[in-house]
Each structure stands twice: as C-alpha cells, then as structure tokens.
Asks: 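Encoded as structure tokens, here's the structure I'll be asking about.
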Amino acid sequence: MITDKLIDGIIGMQNPTCVGLDTLFDYLPDDMKEGVTTFEGVAERVFDFNKKLIDTLYDIVPSVKVQIAYYEMYGVAGMKAYEETLKYATEKGLVVIADAKRNDIGSTASCYAKTFLGETKVNNLSLKAFPADYVTVNGYLGTDGIAPFVEECEKNEKGIFVLVKTSNPSSGELQNLVLENGKPVYEYMGNLVEKWGESTIGQYGYSAVGAVVGATHPTEASLLRKALPHTFFLIPGYGAQGGNAEMLKSCFGANGLGGVVNNSRGILTAYKKNGGTYYEAARKAAIAMQEDLSKTIGVMKK
C-alpha cells in the first residue's frame, strides 16, 4: 500500500519531508535563464533544474510534490516538463505526489482519477498518462466525486490527499464555518476523509486517503489529528508560508508518524539566500529542515 511505502521511507531516512517542485522559471539561476525566448526553452531548463535537484535530494528525502500550475502556465511544453519530472522522480525511487487538486462530478472525476492514478484504454492497450503515487483532490463535491479516486487507489495501490484544512490565510472563511451539528466544515470534511479511506488501511494503520492539513493552523490540526486516527496528513505551509516545526507538531502521533511536511520555495530558492549552487543549497536546506523536524517531532518508529 502506497502510504506504507511513504512511511517506510520516512522511517528509513528519519525525515517526514516532501520537497515541493513548484518550479517557476524565475526561480532558476541567471545562467540557466539566459537566452530563453520560448516556452519550449523554459520547459527544458525547468526540467534540467528539477532533475539536478532530484539527483541531489533523493537519498535524504522520501517524497516530492509537483504542483501542476507551475507547469501549465508554460503551455504544452510545460506539461511535458511536468511529465518528465514525475517520471524521473519515480525512477529515483521517490514517492511522487501530483499536486493537481482535481475533482468534478462522478464521470469527470473518473477521468481525472485515471489521468493520475490509473490507466486509459486505447483500443486494446492500457496506457498511463502521468506517473504519480498520489494526487491531491478537492473533496467538496462530496462522495460521488471521491469514489472514482478511491476505486483507482484500491486497484493500483495509489493514494490521494483530500483538501481538509488548507494553509492559506483565508481558508477559514469557508472551512471554519460551524454547521448545524456544531462541527466546523473542516472537521466534517475530515470525518468524511476518514470514512472514505476505510477500505485502504495499511500495516501502519493509515489509509491511502489522506488529508491536506496546513501547518499554519495548529489548533485545527490538533483537533483533526485526534479525530482522524487512520488519516495520513500532507502538511503544507512550513517555511515561506509562516509555519514552523512547533506549529505542526500536533499533526504527528507519539511515534513520530502521521504526516509528511511540504517545503517548496525554502528549498528551491535556498541558494538565493545562502549562496552556492542551487542544488548544494537545496541539499543543505533539506538537511536543516530534517534536523528541525526531528528535533521537534522525535524519533519516527514503527
């Protein structure tokens, strides 16, 4: 089961880190940007940047999250770089999260699920579109939008992370509204996620249906951790968005497990702050993050 694989990597490396490859062309060093005048040129340089980062980080971090919007903005060429980044990270043994936040009505959700988690039929062939282990999903369409994703998770040993309590400042405008039953919307959504994952619980007690829970909302995260014992968290908001290790500590259980923490800009652009090559600075930033998280969360163990 994919969440078991992710947890195995976290325990083996003692590192619950996910590196976000949200790679803007502007993040690249000046010499890599020089002379580029087309989306094709952008895509080539972005993939080169990602490839070197993956080569430098795959032995110390268990997973990467690749946010699709940073590639779609460069058109078809950007989507090719997205595909190549997913493939290369997979080849290096990383657990790969396609951050696409997809969903729609049931039939369309089924297409999205096949795109990232399953296969698509072409005559007598079954072909994969984007090689990912997880995809992020918007669950606010309800069960019929989630069911196709869960079906692909079960068939292909894949996973999803459902938006529950997001890290952005205005998330409370909707997610913290209190329902007639006295529960806030985010808690109700979390309870649905826990239910949706019941058929996919692995050896560590966590399902393949995870939740996106921001590090920037520690009170809500603490409530969700207690309410959702079988739900693994993808935790954005560390670093550039203002979250720190102490704020996200409540996302984890006593054994140091329960989530994976994303950091994008803090690693991708570390060289701009600390000097050196972008990949050497990224490795140092990833190690510093690992040390920070380990010091706060403790030893991660079975």
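Starting from 1, each residue takes its place in the sequence as its number.
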Asks: Can you list everything that forms a salt bridge (Lys or Arg N to Asp or Glu O under 4.0 Å) with K92? Sequence neighbours excluded, please.
Replies: D55

Asks: Within the distance-only criterion (no hydrogens, no angle test), does the side chain of S250 pair as donor or acceptor with the backbone N or O of R225 below 3.5 angstrom?
Replies: no

Asks: Grab the two heavy atoms, one from I2 and one from G159, that are nearest each other, plus how far apart they are.
Replies: CG2-N, 3.6 Å

Asks: Quick one: are M289 and V261 in side-chain contact, heavy atoms under 4.5 Å?
Replies: yes

Asks: Please list, chain by chain and in numerical order, all residues satisfying side-chain contact (heavy atoms from CB on, under 4.5 Å) with L223, sequence neighbours excluded.
Replies: Y186, E187

Asks: What I'd like to find out is whether the side chain of N191 reaches to under 4.5 Å of the side chain of K183, using heavy atoms alone.
Replies: yes

Asks: For V64 and A89, which heavy atoms make the closest approach, and how far apart are they?
Replies: CG2-CB, 3.8 Å

Asks: With rounding to the nearest 0.5 Å, note down the distance linking CG in L179 to CG in N181.
Replies: 5.0 Å

Asks: Within a radius of less than 6.0 Å around NZ of K33, do more than 12 heavy atoms belonging to other residues, nucleotides or ligands occur?
Replies: yes

Asks: Return the set of residues passing side-chain contact (heavy atoms from CB on, under 4.5 Å) with K158 (not counting sequence neighbours), or none when no residue passes.
Replies: L117, D133, N156

Asks: Give me the one residue out of L86, L53, V46 that meets side chain to side chain contact (heavy atoms under 4.5 Å, CB included) with L21.
Replies: L53

Asks: Do F25 and M79 share a hydrophobic cluster (ILVMFWY, side-chain heavy atoms under 4.5 Å, transitive)?
Replies: yes

Asks: Same hydrophobic cluster for F39 and F47, using side-chain heavy-atom links shorter than 4.5 Å among ILVMFWY?
Replies: yes

Asks: Check for a donor-acceptor pair, side chain of T136 on one end and backbone N or O of A100 on the other, with a separation under 3.5 Å.
Replies: yes

Asks: How long is the gap from OG1 on T277 to OH on Y271, to the nearest 0.5 Å?
Replies: 10.5 Å

Asks: Which atom names give the shortest non-hydrogen contact between V164 and A211, and what distance separates them?
Replies: CG2-CB, 3.6 Å

Asks: Mind listing the closest non-hydrogen atom pair of K87 and P131 along with its distance?
Replies: CG-CG, 3.5 Å

Asks: How close do G9 and P62 get, heavy atom to heavy atom, and via which atoms?
Replies: C-CB, 3.9 Å

Asks: In this structure, would Y279 and M32 fall into the same cluster of hydrophobic residues linked by side-chain contacts under 4.5 Å?
Replies: yes

Asks: Hey, what do you get for NZ (K226) to CG (L224), rounding to the nearest 0.5 Å?
Replies: 11.0 Å

Asks: Is there a donor in the side chain of Y204 and an acceptor in the side chain of N255, or the other way round, less than 3.5 Å apart?
Replies: no

Asks: Under the ring pair (Phe, Tyr, Trp, His ring centres under 6.0 Å) definition, can you give me all pairs with a residue in residues 215-236, not counting sequence neighbours?
Replies: Y206-F232

Asks: I need the N262 CG to D22 CG distance, nearest 0.5 Å.
Replies: 6.5 Å

Asks: Same cluster or not: L24 versus I68, using hydrophobic residues (I, L, V, M, F, W, Y) connected whenever any side-chain heavy atoms lie under 4.5 Å apart?
Replies: yes

Asks: Would you check, one step at a time, whether the test side-chain contact (heavy atoms from CB on, under 4.5 Å) holds for L257 with I7?
Replies: CA-CA 8 Å; L257 302 178; I7 293 173; 3.9 Å; yes

Asks: How would you list, by chain and number, every residue that makes a ring pair (Phe, Tyr, Trp, His ring centres under 6.0 Å) with Y278, sequence neighbours excluded?
Replies: F49

Asks: Is the count of non-hydrogen atoms from other residues, nucleotides or ligands lying under 6.0 Å from K195 atom NZ greater than 12?
Replies: no

Asks: Per the salt bridge (charged side-chain N to carboxylate O under 4.0 Å, His left out) rule, what does the pair list look like for residues 34-47, sequence neighbours excluded?
Replies: none

Asks: Taking the side chain from Y71 and the backbone from T85, do they hold a donor-acceptor pair closer than 3.5 Å?
Replies: no

Asks: List for me each residue that meets side-chain contact (heavy atoms from CB on, under 4.5 Å) alongside S207, sequence neighbours excluded, and say none if there are none.
Replies: T200, I201, V209

Asks: Any side-chain heavy atom of T23 within less than 4.5 Å of one from V66?
Replies: no

Asks: Once rounded to the nearest 0.5 Å, what's the spacing between atom CD1 of I97 and atom CG of L234?
Replies: 5.0 Å

Asks: Got Y70 and D99 here, is their nearest side-chain heavy-atom distance under 4.5 Å?
Replies: no

Asks: How would you list all residue pairs meeting ring pair (Phe, Tyr, Trp, His ring centres under 6.0 Å) that involve residues 114-150, not counting sequence neighbours?
Replies: Y82-F130, F116-F130, Y134-F161

Asks: Under a 4.0 Å N-O cut-off, is there an ion pair linking K155 with E152?
Replies: yes

Asks: When rounded to the nearest 0.5 angstrom, what is the spacing between CG in L293 and NZ in K249?
Replies: 12.0 Å

Asks: Compile the donor-acceptor pairs under 3.5 Å between side chains in residues 104-113 and protein atoms, sequence neighbours left out, one pair per line.
Replies:
from : atom 1 : to   : atom 2 : distance (Å)
S110 : OG     : K114 : NZ     : 3.2

Asks: Quick one: name the residues clustered hydrophobically with V122, using the 4.5 Å side-chain heavy-atom rule over I, L, V, M, F, W, Y, and just say none if it's on its own.
Replies: L125, L127

Asks: Can you list the residues that meet the side-chain contact (heavy atoms from CB on, under 4.5 Å) rule with I60, with sequence neighbours excluded?
Replies: L57, R283, A286, I287

Asks: Tell me whether R102 contacts the main-chain N or O of T115 through its side chain, where contact means a donor paired with an acceptor under 3.5 Å.
Replies: no

Asks: Could you walk me through whether E154 and S199 pass the side chain to side chain donor-acceptor pair (under 3.5 Å) test, one step at a time?
Replies: CA-CA 8 Å; E154 292 171 340; S199 63; 2.4 Å; yes

Asks: Apply the test side-chain contact (heavy atoms from CB on, under 4.5 Å) to residues M1 and Q203: give CA-CA distance (whole Å), side-chain angles for both, the deciding distance (0.1 Å), then the verdict.
Replies: CA-CA 8 Å; M1 201 269 283; Q203 65 175 342; over 6 Å; no

Asks: My understanding is that only residues two or more places apart in sequence, or in another chain, count here; which of them pass side chain to side chain donor-acceptor pair (under 3.5 Å) with K165?
Replies: S171, N176

Asks: Do L268 and Y58 sit in the same hydrophobic cluster, where Ile, Leu, Val, Met, Phe, Trp and Tyr count as joined when their side-chain heavy atoms come under 4.5 Å apart?
Replies: yes

Asks: Considering all heavy atoms of both residues, which atom of V36 and which atom of G41 are nearest to each other, and what is their separation?
Replies: CG1-C, 3.6 Å

Asks: How about CD on E157, more than 12 heavy atoms from neighbouring residues, nucleotides or ligands closer than 6.0 Å, or not?
Replies: no

Asks: When you compare the side chain of Y88 with that of N50, does any pair of heavy atoms fall below 4.5 Å?
Replies: no

